[in-house]
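Below you'll find the structure, written out as structure tokens, and then a few comments.
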Amino acid sequence: MAAVQQLLASPSPAPAPVSSHHINTSASADMELDSASNDPVMIDSGLMKGAPQTGDSRIAVIVYGQGQEHVVSTFAEVLGKPVKLKRQFKDVDHEDEGFVIGLALQEAKNDVEERDQQLLVAINAHCISPHSQLMAKPRTFFISTTFPDVHAALPNLDILTVGADAVEIRVDLLREPRGDGTFSDIPSLSYVGQQVMLLRQRTELPIIFTTRCTKENGKFPMDNPDLYYEYLYRAVQWGVEYIDVELWLPEHIRKKLYEKRGNSRIMSAFHDFSGTFKWPSQYAQDVFVRSKQYADIVKMIAIINDHNENFELEYFRSKIRAQYPDAPPLSAVNMGEIGQFSRTLNTVFSPITHPLLPIIAAPGQMSTAEINGALALLGQLPKKYFYGISSAAARSIAPRAPFYEKCFNELGLPHQFAVVERQHNNPSGIQSWCNQRDFGGAYLDPGLSYQTIMKHNPWFSTLRNGQGPTLSEAAQGIGIIDTIVVKPAGSSGSGSESTSTPPSQYSGSMQPGGQPALAPNTSLIFDNASWRGILSTLTRDLAPSAYFGRTAVVLALTADDAAPVFFALKALKMSKIYTVGFRTPSGLARNAPPIEQFISMESLQRARSVTDNRAPFVIISALGRGKSNIVGMMLRVFGAAGPTGSSNTKKVFLNLAEAASQQKNDPIAVAEQSGFTAYDAADVAAFTTVESLRLLVGQNVPYSFVRLASGRNLF
Ligand SMILES: O=C1C[C@@](O)(C(=O)O)C[C@@H](O)[C@@H]1O
């Protein structure tokens, strides 16, 4: 996402705040470049408020990615205007008024900076679909919500979606009240639109839009296939990530939806409730072949009569993979209690339920906790030991441990989690937590520099036949390690084999995890999750493009404290960083925007006198309580200054140090008084935890659940 926006860095004008939910995943999410609307594609505000509004009258220029020309016509249809394709921004002139203009990203980026913003509004429709990232995960789940009204789901959505990679909205199960105590036979498109928008605003997960027909355990009538087209194509226009298209629909409808799917992905769906379906049959193979023609994922689901048919499905799965290696991924399970075994074995978008849902969406559906429990029993999910290696000070700023325990419980993971104390200024001893047979991974809070870890924990150098642990790109760029990920033998992404030889320094004393010596052929990856936590916090309420080309002030005592901040600001394509309190080593500067250290009042004055978009927009402080007067001064200095009258977007302050509430100089309070939107270490810790959980156990957990589970208020 950030990478996409980087290509089209827009220094001005700053966009209006956009919910990060919207930013992260939806196809419409990336589309904001110049728009002043919070919700450019989802639903016209006229629909919501009753009265239609004129909106922005500038020429809409849609910047599309390679092979995505069709996105332009999707916009044009929504806006009711004809399309013209052009090459560069300079080719767009007044004669194009009344048209929607499409520009290919490759060429458009050459003159995006010079575009005439009075004349046109540039919309970045080139987006990285979450699909490829999801398909790279070893296991994915989606939760089938069955609420008649999405409002009922909202209070529990955080818990419902723990462990889910996508949320299905069963449009056929929505019940639109008519106002006289009855409900319409099928929910109207405007009602469905509102329901989708509600969900979109409350979850960062991709949405699956399903109109399940009456013959396949749903409620959508089957007499008019065109109705399906109307609803499903509208979902494409709304930017819904996945569209469930049933295989029984006429081929011309499936084909058209596939061809016009824009940034959405098609999930072909086939359910057989007859009880006579057989996985080894030619018919089953024909179903797959027909499905794959117009699909990004093929879903096949059947009622079976005998437990052995679960094994037949597994054989079918492997046969299909071998025979059609280039076909879309297959998501296939059996229904009913007998079929539950197959639900534990399916790895692509397994449908899940949750005890808090009003009904299960299909017979035999299981929750993530049940699936993980079954996998653990079958020996497919062995118990591992995870550690939070932290200092007392870090725990008091933002305790992360309670969340891990709650999360493992909620997900039914068999793992054990323990917080272990790292003495202040004593980085040795980390190796003994990692060199255990059942070591699952660890986070370090605070993180430590790579050199420090390696110097004080020589066992790590013995891994991979002396090559040491693998470093992720972020860990390399930042130099600080805060996450140690285990890659079991044979899993992708791991380096070559490691050694289990205990280091000579290793005392052999047993840790809570049990047996010493990491399993042979296991790789360790040193990673950094904090920069993502910082990035996600900064983009929680603002689109990444709000930061492009702008400048930041970073206050810290050491370059190590600033390193993840630099990496995040680089990802946001900020144009310059002013630093206070530390010198930046050249290695770190290479992975950061240009840096200028405030060394005198003059240099500060110079930055303050800038009145355009290059005036500092973000202030990030890692200075502790004792230095809050300096932070306060910076906030007052740069809060007052700024671009004159260019935007309503508030500047941003992020306090990475311990909150000093009730103190006279509490930086958060000063920031708010000085007109900043303020975030603190707890926000970053929650987002960092989300990221480290993804890295360590591959599970997706919503940020808001982390905040709740950590016993903190969300807002
Ligand atoms: O297609 C599927 C799978 C499902 O039928 C199941 O068996 O879990 C549940 C449906 O909601 C979903 O659309």
Side-chain angles (χ1 to χ4, degrees), residues 139-148 150 153 160-161 163-175 187 192 195-196 199 205-220 222 228 231-232 235 240-249 254 264-275 277 279 287-288 291 295-304 309-310 313 317 328-371 374:
R139 259 179 192 276
T140 40
F141 297 97
F142 73 88
I143 176 118
S144 317
T145 63
T146 49
F147 292 98
V150 169
L160 285 172
T161 55
D165 297 285
V167 191
E168 176 181 52
I169 178 165
R170 282 286 300 266
V171 172
D172 56 296
L173 298 181
L174 294 175
R175 302 194 74 203
V192 173
Q195 295 274 311
V196 169
L199 194 57
L205 294 176
I207 293 175
I208 302 172
F209 186 95
T210 302
T211 48
R212 184 68 65 240
C213 72
T214 46
K215 200 173 145 223
E216 299 192 12
N217 204 28
K219 290 219 171 359
F220 232 62
M222 298 176 72
Y228 287 77
Y231 278 67
L232 299 177
V240 175
E241 290 83 352
Y242 287 99
I243 315 291
D244 180 290
V245 180
E246 296 182 335
L247 187 64
W248 69 272
L249 286 166
R254 291 187 294 115
S264 303
R265 291 291 168 268
I266 303 293
M267 211 185 238
S268 166
F270 166 84
H271 288 77
D272 194 311
F273 281 85
S274 68
F277 180 86
W279 290 105
V287 166
F288 179 82
S291 307
D296 298 293
I297 292 182
V298 174
K299 191 163 58 175
M300 291 177 66
I301 296 179
I303 286 276
I304 52 164
E309 293 176 67
N310 289 313
L313 165 53
R317 215 190 291 282
L330 171 67
S331 168
V333 298
N334 290 321
M335 284 180 284
E337 213 173 317
I338 302 180
Q340 285 187 327
F341 182 58
S342 68
R343 290 185 185 262
T344 65
L345 297 182
N346 177 60
T347 56
V348 179
F349 265 147
S350 288
I352 49 170
T353 184
H354 193 282
L356 289 173
L357 284 169
I359 51 169
I360 53 165
Q365 254 196 345
M366 300 161 83
S367 65
T368 340
E370 285 170 332
I371 292 181

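Remember, it's 1-based here, ligands and their atoms both numbered in the order they're listed.
- Side chains of N346 and R139: no donor on one and acceptor on the other come within 3.5 Å.
- Neither the backbone nor the side chain of M366 has a heavy atom within less than 4.0 Å of ligand 1.
- Around atom 4 (C) of ligand 1, the closest heavy atom drawn from P363, A362, G218, S144 belongs to A362.
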| request: Walk me through it: do I303 and D272 pass the test side-chain contact (heavy atoms from CB on, under 4.5 Å)? | output: CA-CA 6 Å; I303 286 276; D272 194 311; over 6 Å; no
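- Which parts of ligand 1 touch Q365 is read off a 4.0 Å heavy-atom cut-off, strictly below it: atoms 6 (C), 8 (O), 9 (C).
- Protein heavy atom nearest atom 3 (C) of ligand 1, with residue, atom name and distance: I301 CD1, 3.3 Å.
- The aromatic rings of W279 and F277 stand perpendicular to each other, their planes meeting at an angle above 60°, with 30° marking the opposite boundary.
- Contact annotation: E216 has no heavy atom less than 4.0 Å from any atom of ligand 1.
- No side-chain N or O of T145 forms a donor-acceptor pair with one of E168 less than 3.5 Å apart.
- Considering each of E168, R343, H271, E246, the one bringing a non-hydrogen atom nearest atom 7 (O) of ligand 1 is R343.
- Below 30°, between 30° and 60°, or above 60°: for Y228 and W248 the angle between ring planes is above 60°, a perpendicular geometry.
- A salt bridge does not link E370 with R343: none of the charged nitrogens is closer than 4.0 Å to a carboxylate oxygen.
- Listed by atom number, the atoms of ligand 1 under 4.0 Å from A361 heavy atoms are 9 (C), 11 (O).
- Close contacts of ligand 1 with R212, meaning ligand atoms under 4.0 Å from a residue heavy atom, involve 1 (O), 2 (C), 12 (C), 13 (O).
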